[in-house]
Amino acid sequence: MTQALMAKPVLIFYCGITMVPAMQSLIKTFQQTHNCTFLIRQGGSGELLRALTLFQKGDLFLPGSESYYRKAPKGLFVYRRTIGKNRLALFVRTEDADRIHSLDDLHKKGAYFAIGDAWIGSVGRATRTLIRSTFGEAAWRRYEDEAVYFGSDSRDLLRLMEEEGVEATINWKAAAFRLNNPTERLRIYSIPEAEAHAKKLVISTLRFSEHPTLARAFVDFAASPVGRRIMKRYGLGNGK
């Protein structure tokens, strides 16, 4: 390893799994004008928050929902900006799309479906909020009882559809960008009620960052017009 490569700053980025493709695109553009590398720690937002709180090491945090900042210890985050929104959608296997088109169809038509684990990742928390606010607490309990699997995050929900025969799931709409040719394998239905529950995506620098100036520059870039266009390209824009 050369001395120059060893000296290049490495930013540790705790990033919710759904936003990783968009962040990889942002990073590639950012690196055209900034000499640095990124180490992305990806996973469920709750798991990431616990990890960075425990290890106190890293530079950036981007959860799948703004609500995770309210759960964090005070003083952990320094500089924050909103860069987009996360929206839920109904994912249905192509071969099952003739009978499953809506949230009601998941239990009315006996679908073999999965939902996110509300205790681990942002997609599970958002699904719980959506069902409770739209149909009530009793309906949420019914969805929990009838779900055949609970996915840890958006990537795990996709895996369950591909490997475990799950017919449908409620997932972040942007998760489809992790798939090759998603329209051939899935039908993705917008959920009208979900727009009111779209989750702000807020990126932040961390108190213990070893590269605070560079981390702040990336936050500002992500929130810039160029950054927002990239977010929109990956289904994470502020508009519908």
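What's counted below: heavy atoms across the whole structure, side chains too, no hydrogens, waters or symmetry copies.
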Option passing side-chain contact (heavy atoms from CB on, under 4.5 Å) with F91 (candidates I170, V166, L158)
L158
Using modelled atom types only, decide if a donor and an acceptor are shared between the side chain of [X] and the backbone of [Y] within a distance under 3.5 Å.
X: S25; Y: P21; value: no
X: S209; Y: H211; value: yes
X: S45; Y: G64; value: yes
X: Q56; Y: T53; value: yes
X: N171; Y: S154; value: yes
X: T134; Y: I131; value: no
X: R87; Y: K173; value: no
X: R125; Y: A118; value: no
X: S65; Y: S122; value: no

Please say yes or no: joined through hydrophobic side-chain contacts below 4.5 Å, possibly via intermediate residues, are [X] and [Y] part of one cluster?
X: L60; Y: F55; answer: no
X: V10; Y: V20; answer: no
X: I188; Y: I17; answer: no
X: M161; Y: V92; answer: yes
X: L39; Y: L11; answer: no

Distance (rounded to the nearest 0.5 Å) between [X] [atom1] and [Y] [atom2]:
X: W140; Y: L130; atom1: CH2; atom2: CG; answer: 9.5 Å
X: K232; Y: K85; atom1: NZ; atom2: NZ; answer: 13.0 Å
X: Q31; Y: T29; atom1: CD; atom2: OG1; answer: 9.0 Å
X: E95; Y: I100; atom1: CD; atom2: CD1; answer: 10.0 Å
X: R80; Y: E66; atom1: CZ; atom2: CD; answer: 7.5 Å
X: D153; Y: Q42; atom1: CG; atom2: CD; answer: 8.5 Å

Report the relative orientation of the aromatic rings in Y69 and F77; use parallel for angles under 30°, tilted for 30 to 60°, perpendicular for over 60°.
perpendicular
Go through the steps to decide whether F177 and T18 satisfy the test side-chain contact (heavy atoms from CB on, under 4.5 Å), and finish with yes or no.
CA-CA 9 Å; F177 286 89; T18 303; over 6 Å; no
Show your working on salt bridge (Lys or Arg N to Asp or Glu O under 4.0 Å) between D156 and R159 and close with a plain yes or no.
CA-CA 5 Å; D156 194 37; R159 181 192 65 79; 2.9 Å; yes
[Y] and [X], any side-chain heavy atoms less than 4.5 Å apart:
X: R187; Y: T94; answer: yes
X: F135; Y: D104; answer: yes
X: I203; Y: F13; answer: yes
X: L214; Y: H34; answer: yes
X: L49; Y: F61; answer: yes
X: L206; Y: D59; answer: no
X: L201; Y: L236; answer: yes
X: L48; Y: Y68; answer: no

State plainly whether the residues R128 and E144 are in salt-bridge range, i.e. N to O under 4.0 Å.
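Looking at E144 together with R128, the answer is no, because their closest N to O distance does not fall below 4.0 Å.
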Might you work through the side-chain contact (heavy atoms from CB on, under 4.5 Å) test for M19 and N86, ending with a clear yes or no?
CA-CA 9 Å; M19 290 75 68; N86 228 352; 3.8 Å; yes
With sequence neighbours excluded, what pairs up with Y112 under the ring pair (Phe, Tyr, Trp, His ring centres under 6.0 Å) test?
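Ring pair (Phe, Tyr, Trp, His ring centres under 6.0 Å) check on Y112 returns nothing, list empty.
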Salt bridge (Lys or Arg N to Asp or Glu O under 4.0 Å) between D105 and R99, intermediate numbers included:
CA-CA 8 Å; D105 291 338; R99 64 187 185 86; over 6 Å; no
Full working for side-chain contact (heavy atoms from CB on, under 4.5 Å) between M23 and M231:
CA-CA 8 Å; M23 289 303 105; M231 294 295 284; 3.4 Å; yes
Where E210 and P212 come nearest, the two heavy atoms and their spacing:
C-CD, 3.4 Å
Start with the C-alpha distance between F150 and I120, add both sets of side-chain angles, then the distance that settles side-chain contact (heavy atoms from CB on, under 4.5 Å), and finish with yes or no.
CA-CA 10 Å; F150 292 86; I120 296 178; over 6 Å; no
Ring centers of F38, F218 separated by less than 6.0 Å:
yes
Answer yes or no: does atom NZ of K199 have more than 12 heavy-atom neighbours from other residues, nucleotides or ligands under 6.0 Å?
yes
